[in-house]
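Here is the structure we will look at.
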Amino acid sequence: MTVKPEITELIEKLAVNRNLSDEELSVLIESEEATEPLGTAADKVRRRVYGDAVYLRGLIEMTNYCRNNCYYCGIRRGNTDAVRYRLTEEEIMECCREGYALGFRTFVLQGGEDLYFTDERMCKIVSDIRKTYPDVAITLSLGEKSRESYQKLFDAGANRYLLRHETADNDHYHKIHPAELSPENRKRCLFDLKEIGYQVGSGFMVGSPFQTTANLVADLRFLQQLDPDMIGIGPFIPHEKTPFADKKQGELELVLRMVSILRLMFPHALLPATTALGTIHPQGREMGLKAGANVVMPNLSPVSVRKLYDLYENKICTGEESAQCRGCLEMRVTNAGYHIVTDIGNVKRSEK
Ligand code: 5AD
Ligand code: FES
């Protein structure tokens, strides 16, 4: 595809200034011809900061019970067809044991907002992992909680927290969430987490229903304000048992452009090539890496529950054992021209 000089200029400007005006960002977000040159520019920056390293995070999906009813999500409480499960502490520890042996030094405990996992139960799990594996990063991704709860979990040994803001625009937020959820509270959570001392990950879905280019620009602006260590984005994918069953899936190329724009705006950020990206295209994650991503999150959950953690349709990696998933990703990362590193993979802030 031929690239107009204006587009080339905008990409160069973004690479140098790490910023553009709202109008300029909108042009890049919408321009199909920008996908490739944005990827090339982003890969250059990523190699400058992180070389060809790709960090591993082992994902443990510990519960699919959720008190929330987000319109997009397959494990929303309103989906009464969902078969619910929660892992026992022993099962979680077994996932960690297996993961540690496979070289993982970061565990991500993710789940719906499940009231069974009280602060007391969660702190016990976190401190047991911390005692057994002093050299790993413990990442939690368990949704919105009070500042006090976040503090207790931090004191128990957790050091990172993933909570996507989902969309930074208040009106858009209310279009994809029920009234009992508020964008203000979600943002409050993110700033609390940061103040407590967590390394924070945020992010959003690309192509979620009703999303506009202006919304995506607002997401970038919010991220500039929050300055998170990790930014996870992936395409919206409909799930048939949700109110958004008939909505359109997010576009691959748009996700790739957003990954590249994020790399150029946040050179130091940890950007995962997400499972959702791998779900909409067989080489989606490889494309994500080439567009600027530098993290992959293989699944460490027991195979028996994987299909049940059903956020969206046709989710990949649900039939494979942890070792297979790790091996598969290693091969994919190598084929894409990068290499997996097994260290703890902290953010490289010195680049800022
Ligand atoms: N499509 C894509 N991503 C989804 N998530 C939830 N439901 C969907 C869906 N239908 C994402 C949300 C959430 C993360 C765990 O998964 O962004 O934060
Ligand atoms: Fe999980 Fe390929 S990465 S099976």
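Just so we're clear, the structure is a prediction, and the values are computed from it rather than from any experiment. Start at 1 with the first residue, then count along the sequence. Just follow the structure's listing: the first ligand is 1, and inside any ligand the first atom is 1.
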| field | Distance-only donor-acceptor check, side chains R86 and N64, under 3.5 Å | value | no
| task | Determine whether the side chains of N299 and S301 contain a donor N or O and an acceptor N or O closer than 3.5 Å. | result | yes
For [atom], grab the closest protein heavy atom and report residue, atom and distance to one decimal in Å.
atom                    : answer
atom 4 (C) of ligand 1  : M205 SD, 3.5 Å
atom 14 (C) of ligand 1 : R164 NH1, 4.2 Å
atom 16 (O) of ligand 1 : L311 CD1, 3.5 Å

| message | Tell me whether ligand 1 is touched by P235 - counting only heavy atoms on the residue side and a distance under 4.0 Å. | response | yes
| said: Which of the numbered atoms in ligand 1 are under 4.0 angstrom from any heavy atom belonging to C73? | reply: 7 (N)
| With atoms numbered from 1 as shown, which atoms in ligand 1 lie under 4.0 angstrom from a non-hydrogen atom of E166? | 12 (C), 13 (C), 17 (O), 18 (O)
| query | Are any of the N/O atoms in Y72 less than 3.5 Å from those in ligand 1? | reply | yes
| request: Evaluate the ring planes of Y161 and Y150, with Trp represented by its six-membered ring, and classify them as parallel (under 30°), tilted (30 to 60°) or perpendicular (over 60°). | output: perpendicular
| field | Centroid-centroid under 6.0 Å between Y198 and F154 rings | value | yes
| Per atom 10 (N) of ligand 1, closest listed option by heavy atom (I237, T275, I176) | I237
Are [X] and [Y] in a cation-pi setup, meaning NZ or CZ lies under 6.0 angstrom from the ring centre and within 45 degrees of the ring axis?
X    : Y    : value
R105 : Y100 : yes
R121 : Y116 : yes
K187 : F222 : yes

| message | For H239, which part has a heavy atom under 4.0 Å from ligand 1: side chain, backbone, both, or neither? | response | neither
